[in-house]
Amino acid sequence: MTVSRRTFVAGSVSALIATGLTSTSALGSPLPAEPAYRIPVSPDDTPDDLVRKASQVRPTARQIAWQALERTAFLHFGVNTFTGLEWGTGDEDPDVFQPTGLDTDQWARALRDGGFRLAILTVKHHDGFVLYPSRYTDHSVASSSWRDGQGDVLRSFADSMRRYGLKVGVYISPADENQYLDGVYANGSARSTRTVPTLVEGDDRTPPKTYTLGATDYGAHMLNQLYEVLTEYGPVDEVWFDGAQGRIPSDKVESYDWDSWYTLVRDLAPDAAIAVTGPDLRWVGNESGLAREDEWSVVPVKENQYGRTDWALSYDTPDEGSRAALVAARPKTDYLQWWPAECDVSIRDGWFYHAEQQPKTVDQLTDIYFGSVGRNAVLLLNVPPDTDGLLAAADVTRLREFRERVDRELPEDLARGARTAISEGVVTVDLGAVRAVDRIRLAEDIRHGQQIEGFVVEAYRDGAWREVVAAGTVGASRILLLPTAVRARRWRLRVTAARSAVHVSAFGLYKSRV
């Protein structure tokens with residue numbers, strides 16, 4: 001590997017280093033024009049072709065911004081909170097929804113103090129109950145006596161999150177048990193041209209722009225609700241879809257209008273990442289909050305069901321992006337795509353609040369943090385509000401304890417201000433004195449893709465460089481935990497395998513205070 005030879009002073013996180021000749025961005029020069037975030041695959045592509053194409057895939061600006069968040073939150077809240085179910089039936093009496101003590105500022109403070117930077121609200125779960133007064137369904141807060149039918153959880157949520165510095169995300173379930181009961185969901189209607197928004201009786205809106213999109217009856221229903229959410233509640237930074245189907249007869253499955261939904265989101269919320277059944281980020285494949293040991297952001301994908309971005313390999317395959325995986329997936333691959341992983345998990349056993357459940361321990365949450373953020377993924381931690389409309393006191397305490405624990409695990413970066421040298425495939429840091437290290441944090445500058453396939457970290461001890469730890473991928477974030485502290489003054493990162501020129505943006509060294 002060819003690298004630029006220059007010495008840098010470490011930055012506020014760690015050394016910011018460009019180690020490839022294809023860019024001198026760390027020296028102040030502009031970045032080169034970047035290829036697309038997806039590159040087509042041909043059946044004739046050789047293994048070398050696949051690796052070359054994978055090395056050329058680059059994230060979009062919205063994907064880079066999303067991966068930098070690291071810790072995001074989910075808030076499962078709705079009629080299930082009051083019925084005790086995890087998947088509602090769609091025929092609930094809306095009056096069951098009575099969060100008389102709703103305080104979304106309390107949610108926002110707790111999440112901010114827990115180190116979270118974005119929160120996603122279940123605006124609509126599979127039952128179809130909507131947390132704002134939609135024009136397109138009676139199964140909503142407007143049909144509850146709570147706040148005399150004038151309540152709007154989404155409005156309160158969005159305002160509170162922004163007030164406390166958090167970004168806003170919305171989850172609108174594709175599945176809808178209520179609309180199935182109303183004869184709209186999975187009714188067998190053909191796709192046809194629909195105008196969005198579809199104005200209803202008494203509708204006083206004068207849309208500045210309308211959209212003509214292909215959709216079924218239910219697809220149009222979703223488009224209209226997306227339009228409401230994305231035009232009436234301020235900027236949205238993540239739109240979260242899953243691929244759930246209603247619990248209905250198999251011959252009545254709804255084919256979702258993904259292409260039209262994506263088009264509308266892109267136009268109304270251009271900065272929003274579309275997850276996890278979406279083109280911007282993917283489900284990691286489990287609900288335990290853990291990424292793969294070697295998690296690739298560049299993975300083989302295929303398109304199906306009206307433009308849905310889908311895995312070329314199985315969602316739960318243990319290897320999504322290595323050279324072997326690219327070859328194995330080739331017969332089913334349409335594109336190699338930047339499709340980073342989101343790791344979802346709940347702080348409690350259930351996704352909705354159940355009084356008998358307790359939050360995970362600090363140790364469990366810390367292990368999840370290192371198994372997600374520490375493995376090139378973003379953590380999505382669910383914290384469900386209770387029947388009063390509050391985050392439970394035990395959960396609030398646990399969130400604060402979790403942040404404090406992570407802060408102790410990764411205190412000040414010992415490499416901050418250290419002199420950092422670049423040589424052939426090696427980044428060397430001189431701490432100026434012998435220091436104990438038991439945590440190592442690495443990152444690639446993902447504006448130039450994900451390239452590292454193997455590396456070793458070494459410490460200079462007893463007159464020789466000695467291996468401390470070796471691993472595979474890095475990506476946007478890789479955190480390595482040493483079983484015992486290693487004392488040394490000089491440290492180096494040596495890349496042993498890569499797809500193309502490597503750009504390292506972080507080489508941080510820490511001594512935990514746990």
Got a sec, which residues hit salt bridge (Lys or Arg N to Asp or Glu O under 4.0 Å) with [X], two or more places apart in sequence or on another chain?
X      : result
Arg466 : none
Asp438 : Lys511
Asp363 : Arg405
Arg117 : none

Tell me which one of Trp351, Phe352, Trp87 satisfies ring-ring contact (aromatic ring centres under 6.0 Å, His included) with His125. Phe352
Salt bridge or not for [X] and [Y], using N-O below 4.0 Å?
X      : Y      : value
Glu303 : Arg308 : no
Asp217 : Arg194 : yes
Arg292 : Asp319 : no
Glu238 : Lys167 : no
Arg282 : Glu342 : no
Arg330 : Asp45  : no
Arg323 : Glu453 : yes
Lys360 : Asp367 : no

Can you pull out every ring-ring contact (aromatic ring centres under 6.0 Å, His included) where at least one residue sits in residues 41-65? Sequence neighbours excluded, please. none
Is there side-chain contact between [X] and [Y], with heavy atoms separated by less than 4.5 Å?
X      : Y      : answer
Phe129 : Asn80  : no
Thr89  : Glu177 : no
Val168 : Leu118 : no
Val299 : Leu336 : no
Ile347 : Asn382 : no
Val239 : Leu230 : yes
Trp339 : Tyr37  : no
Leu493 : Val426 : no

Would you check, one step at a time, whether the test side chain to side chain contact (heavy atoms under 4.5 Å, CB included) holds for Val345 with Glu287? CA-CA 5 Å; Val345 64; Glu287 294 184 344; 6.0 Å; no
Test Val427 against Thr420 for side chain to side chain contact (heavy atoms under 4.5 Å, CB included), laying out the working first. CA-CA 7 Å; Val427 180; Thr420 304; 3.6 Å; yes
Could you give the distance from [atom1] ([X]) to [atom2] ([Y]), rounded to the nearest 0.5 Å?
X      : Y      : atom1 : atom2 : answer
Leu268 : Leu226 : CG    : CG    : 8.5 Å
Ile368 : Leu381 : CD1   : CG    : 7.0 Å
Ile39  : Asp334 : CD1   : CG    : 14.0 Å

Would you tell me whether [X] and [Y] have side-chain atoms, one donor and one acceptor, within less than 3.5 Å of each other?
X      : Y      : answer
Ser505 : Asp445 : no
His503 : Gln451 : no
Trp491 : Glu458 : no
Glu228 : Ser134 : yes
Asp267 : Tyr211 : yes
Ser314 : Asp316 : yes

Can you list everything that forms a side chain to side chain contact (heavy atoms under 4.5 Å, CB included) with [X]? Sequence neighbours excluded, please.
X      : answer
Asp349 : Gln357
Ser297 : Gln67, Trp338, Pro340, Asn376, Gln450
Ala291 : Val284, Glu295, Cys343, Arg375, Ala377
Leu181 : Asp91

How far apart are the closest heavy atoms of [X] and [Y], and which atoms are they?
X      : Y      : value
Asp49  : Asp44  : OD2-O, 4.3 Å
Val373 : Ser477 : O-OG, 2.8 Å
Thr216 : Asp257 : N-OD2, 2.9 Å
Ser288 : Asn286 : OG-OD1, 2.8 Å
Ala471 : Arg478 : CB-NH2, 3.7 Å
Leu223 : Leu264 : O-CD2, 3.4 Å

Applying side-chain hydrogen bond (donor to acceptor under 3.5 Å, both in side chains) to Glu86 and His354, what does each step give before you reach the verdict? CA-CA 10 Å; Glu86 284 287 307; His354 305 282; 2.6 Å; yes
All ring pair (Phe, Tyr, Trp, His ring centres under 6.0 Å) counterparts of [X], not counting sequence neighbours:
X      : result
Tyr256 : Trp258, Trp261
Trp240 : Phe74, Tyr171
Phe77  : Phe97, Trp107

Between His126 and Ser173, is a side-chain hydrogen bond (donor to acceptor under 3.5 Å, both in side chains) present by the stated rule, with each step listed? CA-CA 6 Å; His126 310 325; Ser173 170; 2.7 Å; yes
With under 30° as parallel and over 60° as perpendicular, where do the rings of Phe402 and Phe116 fit, or are they tilted in between? tilted
Tell me whether Arg441 forms a cation-pi arrangement with Phe507, defined as NZ or CZ under 6.0 Å from the six-membered ring centre and within 45 degrees of its axis. no
Member of Asp259, Asp280, Asp271 meeting the salt bridge (Lys or Arg N to Asp or Glu O under 4.0 Å) criterion with Arg266: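 Of Asp259, Asp280, Asp271, salt bridge (Lys or Arg N to Asp or Glu O under 4.0 Å) with Arg266 is met by Asp280 alone.
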Quick one: do Gln245 and Tyr185 satisfy side-chain hydrogen bond (donor to acceptor under 3.5 Å, both in side chains)? Show the steps, please. CA-CA 10 Å; Gln245 286 282 344; Tyr185 181 84; 3.1 Å; yes
